[in-house]
Amino acid sequence: MTTVQLSIAGRGPEDAPLLGDLLDQIQDFFEILNGVAASIAGDDADHFEWRVIGLSKNSPASITVEAIPLAGFSDGAELAARARDQAAVGLVQLKSDDARPVHFTDNVLEAADRFVRRIARNLSETIIHESKIGPVSFKPVDAIPAISNIGLVLTSDPIHPYRELGSFEGHIENVGTDGWGRPYIVIKSRLTDADVKCFLRGAALEALEQEPVAEVVWRKRRVLATGVLKFRSLGRLSQAEINRLDFSFHSEKLPQLADIIDPQFTGGLPSEEFLERLRNGET
């Protein structure tokens with residue numbers, strides 16, 4: 001059985017965290033674990049899912065989950081254990097080292113950045129239990145250097161990188177600003193299903209600002225993004241600097257069947273008779 005426990009202490013009375021911080025911290029932690037698991041497995045398939053088996057408010061608040069293998073993936077629990085252990089090792093490494101931890105993709109690093117920033121700002125401690133290296137504690141004093149190291153890893157050139165001018169299509173998953181206040185959107189690529197962080201400037205930023213939030217994010221608006229595409233390796237798009245966004249039309253603005261069909265196309269003849277005459281050269 002593979003389990004993991006997360007303890008989260010706030011800065012309020014009796015170590016009580018705010019609800020938003022608690023939920024977001026849990027979500028980002030398991031985004032780290034799931035991202036590491038996907039990197040280890042080398043595919044985008046879900047090999048397991050997490051089931052909550054324990055909740056406690058005994059100072060500090062904690063949650064315990066168990067990995068449940070999904071049908072067809074007998075290695076699910078083992079993969080979850082490897083991901084848990086590698087995530088713990090990687091997070092400890094980021095306290096003191098600006099080298100990229102093994103299996104920490106850009107998406108994992110971005111989740112880790114949110115995870116440690118929340119500790120620096122609003123939480124007093126977060127502890128990861130049951131990893132092979134024992135409990136891993138993060139306090140504000142640990143979070144500050146980790147934030148700096150994550151920033152250095154994310155802004156350094158990836159292994160075998162290349163850039164090209166181009167465009168890709170997908171739908172918008174999220175919008176926000178990074179730690180330096182730069183606006184970005186996350187686009188899920190239509191071709192690869194990968195999340196691509198896109199920094200916006202110029203006309204692209206203006207185009208986004210003109211779109212209602214509900215249309216952009218909640219309805220997962222389709223978009224064609226054009227600019228400098230940054231590839232981590234051949235075909236692996238990791239980031240982009242976008243200067244143009246072309247939003248797709250809403251479905252109600254697309255041509256409907258009634259707009260395409262011409263009821264007078266056959267001159268009132270049944271389709272079979274029209275085609276027979278067309279073959280015989282009679283039309």
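Owing to the predicted nature of the structure, the values given are computational and were not obtained by experimental measurement.
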Mind jotting down which residue pairs meet the side chain to side chain donor-acceptor pair (under 3.5 Å) criterion with at least one end in residues 76-99? Sequence neighbours excluded, please.
none
Sequence neighbours excluded - side chain to side chain donor-acceptor pair (under 3.5 Å) pairs with any residue from residues 136-145
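For residues 136-145: Glu125-Ser137.
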Please answer whether the main-chain N or O of [Y] pairs with a side-chain N or O of [X] as donor and acceptor at a distance below 3.5 Å.
X: Asn34; Y: Phe30; result: yes
X: Glu169; Y: Val223; result: no
X: Ser124; Y: Gly10; result: yes
X: Thr226; Y: Ser167; result: no

What pairs meet the ring-ring contact (aromatic ring centres under 6.0 Å, His included) rule with one or both residues in residues 76-108, with sequence neighbours excluded?
none
Start with the C-alpha gap between Glu31 and Glu110, add the side-chain angles, then the distance that decides, and say whether side chain to side chain contact (heavy atoms under 4.5 Å, CB included) holds.
CA-CA 10 Å; Glu31 186 171 335; Glu110 287 160 8; over 6 Å; no
Residues which pass side chain to side chain contact (heavy atoms under 4.5 Å, CB included) with Pro145, listed by chain and number, not counting sequence neighbours
none
Just to verify, what does Ala16 make a side chain to side chain contact (heavy atoms under 4.5 Å, CB included) with, not counting sequence neighbours?
Lys57
Given Val4 and Phe29, is the side chain to side chain contact (heavy atoms under 4.5 Å, CB included) satisfied, shown in steps?
CA-CA 11 Å; Val4 58; Phe29 175 71; 4.0 Å; yes
[Y] and [X], any side-chain heavy atoms less than 4.5 Å apart:
X: Lys197; Y: Asp106; value: no
X: Leu18; Y: Asn122; value: no
X: Arg118; Y: Thr126; value: no
X: Ile119; Y: Pro140; value: yes
X: Val108; Y: Ser39; value: no
X: Val52; Y: Trp50; value: no
X: Pro101; Y: Val89; value: no
X: Leu109; Y: Arg100; value: yes

Connected via hydrophobic side-chain network under 4.5 Å: [X] and [Y]:
X: Val141; Y: Ile147; value: no
X: Ile26; Y: Phe48; value: yes
X: Ile133; Y: Leu33; value: yes
X: Leu224; Y: Val196; value: no
X: Val136; Y: Ile144; value: no

Looking only at heavy atoms, what is the nearest atom pair of [X] and [Y], with distance?
X: Ala99; Y: Leu94; result: O-CD2, 4.3 Å
X: Ala225; Y: Leu245; result: CB-CD2, 3.9 Å
X: Pro69; Y: Ala67; result: CD-O, 3.7 Å
X: Cys198; Y: Ile242; result: CB-CG1, 3.7 Å
X: Val116; Y: Ala146; result: CG1-CB, 4.2 Å
X: Leu91; Y: Ile128; result: CD1-CD1, 3.6 Å

CG on Leu6 to CD on Gln25, rounded to 0.5 Å:
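Going from the CD atom of Gln25 to the CG atom of Leu6 covers 7.0 Å.
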To the closest 0.5 Å, what do you measure between CG (Leu123) and CG (Asp15)?
10.5 Å
One pair to check against side chain to side chain contact (heavy atoms under 4.5 Å, CB included): Leu237 and Thr192. What are the steps and the verdict?
CA-CA 9 Å; Leu237 179 60; Thr192 66; over 6 Å; no
Should the pair Phe115 and Phe138 be assigned to parallel (<30°), tilted (30 to 60°) or perpendicular (>60°) ring geometry?
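Perpendicular: the ring planes of Phe115 and Phe138 meet at over 60°.
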Under 6.0 Å from the CZ atom of Arg11, do we count more than 12 heavy atoms belonging to anything else shown?
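Count over threshold, so yes.
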Side chain to side chain contact (heavy atoms under 4.5 Å, CB included) between Asp24 and Arg114, intermediate numbers included
CA-CA 9 Å; Asp24 289 344; Arg114 297 190 298 269; over 6 Å; no
Which other residues belong to the hydrophobic cluster containing Val186, where Ile, Leu, Val, Met, Phe, Trp and Tyr are joined when side-chain heavy atoms lie under 4.5 Å apart, directly or via other members?
Tyr184, Phe199
